[in-house]
There are 2 protein chains.
Amino acid sequence: MESMQPSPSELPLLKALWSKPQLSARELHDQVAGELGWSLSSTRKTLDRMIDKGLITVHDQHGLRVYRASVDKISTLAEMTRQFARAVLEIDGPLPASSFTGSKILSHEELEELQKFLDEEEGK
Amino acid sequence: MESMQPSPSELPLLKALWSKPQLSARELHDQVAGELGWSLSSTRKTLDRMIDKGLITVHDQHGLRVYRASVDKISTLAEMTRQFARAVLEIDGPLPASSFTGSKILSHEELEELQKFLDEEEGK
DNA sequence: ACAAGTACGCGACAATTGTCGCACGATGTC
DNA sequence: GACATCGTGCGACAATTGTCGCGTACTTGT
């Protein structure tokens, strides 16, 4: 049950959930609205659509709706990168890890994990 | 007068024009339709929109409309990659050239040129 | 001169994406 | 209890993208 790829505006929300595993719509909004200039409605709607796509899930926490990412950070990033490489640059083989150094959202360990994914997903 | 970024379906057409500087709608179609499964109409419409965006230009060649890319291959690819890196991986600095090795559409010289672009566009 | 094939201008439609607003019910406050 | 809030469900709209088809004018073989 592969989930769809996040659209550009969905990505920031996903990232927020990757850094904090559980957030309410309001919290998500406060984190992201600043740089995006969205209204709370936009944030909520985007969240809705992300549920439809299977990117996140909702859970009732003390009567409040909190969201959780349901796709893995590393594999999602790996897949997106792989697709980009294929579609835009037409690189089929494995990408070198060096491509990711400098990323502000990936730790050392994550970098290694990512690398592993890129090598594996090879066949696909 | 910066031109917009090509959408996914526009990219293959652009690539075709980068490899052969002048092509008619029909020729473009024959090159691309195969893998995309489009009808000629789709190809033409996509071409139309690319003109609107300033990605390509049309010229009357012996009474036939031929298309030419009006955006540069290297800088376009560099910009797209840069954007991807920033938006998805949050890498701001220059990307290492190694990220592009393996690309089937870039020659050695182009790789070097690309590298230069990535370093320059820094400020932006 | 006519039929068949092309090229081209345009309009059309559904799906996806970006953004909101409104109405309603639950909650907390004086 | 009346009111101001907040969280939610949902509907709405414009722009972009992916795909076509139609009608018309033009070229060309027989």
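Side-chain atoms are counted along with the backbone in the values below, which use heavy atoms only and exclude waters and symmetry mates. None of the values given here were measured: they were computed from a predicted structure.
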Mapping A/Arg49 and A/Arg65 to their closest nucleotides on DNA chain D, which lands nearer the 5' end? A/Arg65
Identify which nucleotide among C/dT17, D/dC20, C/dC20 has an atom closest to any side-chain atom of A/Lys45, counting heavy atoms from C-beta outward. C/dC20
Is the side chain of A/Lys73 donor-acceptor paired with the backbone N or O of A/Ile105 at a distance under 3.5 Å, no angle test? yes
Please figure out whether A/Pro8 or A/Ser41 has its closest DNA chain C nucleotide nearer the 5' end. A/Pro8
Closest heavy-atom pair, A/Leu11 versus B/Ala87, reported as atoms and distance to 0.1 Å, is CD2-O, 3.8 Å
In terms of the nearest nucleotide of DNA chain D, which residue is placed more toward the 5' end: A/Ala25 or B/Gln5? A/Ala25
What integer distance in Å separates B/Asp60:CG from D/dC26:C1'? 13 Å
Assign each of A/Arg44 and A/Ser9 the nucleotide of DNA chain C bearing its closest heavy atom; nearer the 5' end lies the nucleotide of A/Ser9
Gap between atoms CG and P, on A/Leu13 and C/dT19 respectively (whole Å): 12 Å
Between A/Glu10 and A/Lys53, is there a salt bridge with N-O shorter than 4.0 Å? yes
Can a side chain N or O of B/Ser39 be found less than 4.0 Å away from OP1 or OP2 on D/dT19? no
B/Leu36 CG to D/dT19 C1': how many Å, rounded? 12 Å
Send over the distance from B/Asp48 CG to D/dG21 P, rounded to a whole Å. 16 Å
Between P on D/dT16 and CG on B/Asp52, what's the gap in Å once rounded to a whole number? 11 Å
Just the rounded figure in Å: distance from C1' of C/dT17 to CG of A/Leu47. 15 Å
State the OG-CZ distance between B/Ser75 and B/Arg82, to the nearest 0.5 angstrom. 12.5 Å
So A/Leu40, base contact, sugar-phosphate only, or nothing? Heavy-atom distance under 4.0 Å. nothing
State plainly whether one hydrophobic cluster holds both B/Leu64 and B/Leu28, where clusters connect Ile, Leu, Val, Met, Phe, Trp and Tyr through side-chain heavy atoms under 4.5 angstrom apart. no
Of the listed nucleotides (D/dT19, D/dG7, C/dA7), which one gets closest to any side-chain atom of B/Leu64? C/dA7
Rounded to whole Å, the NE2-P distance (B/His62 to D/dT27) equals 15 Å
Tell me: CE of A/Met50 to C1' of C/dT19, nearest whole Å? 16 Å
Looking at B/Ser7, I'd like to know whether one of its side-chain N or O atoms comes within less than 4.0 Å of OP1 or OP2 on D/dT17. no
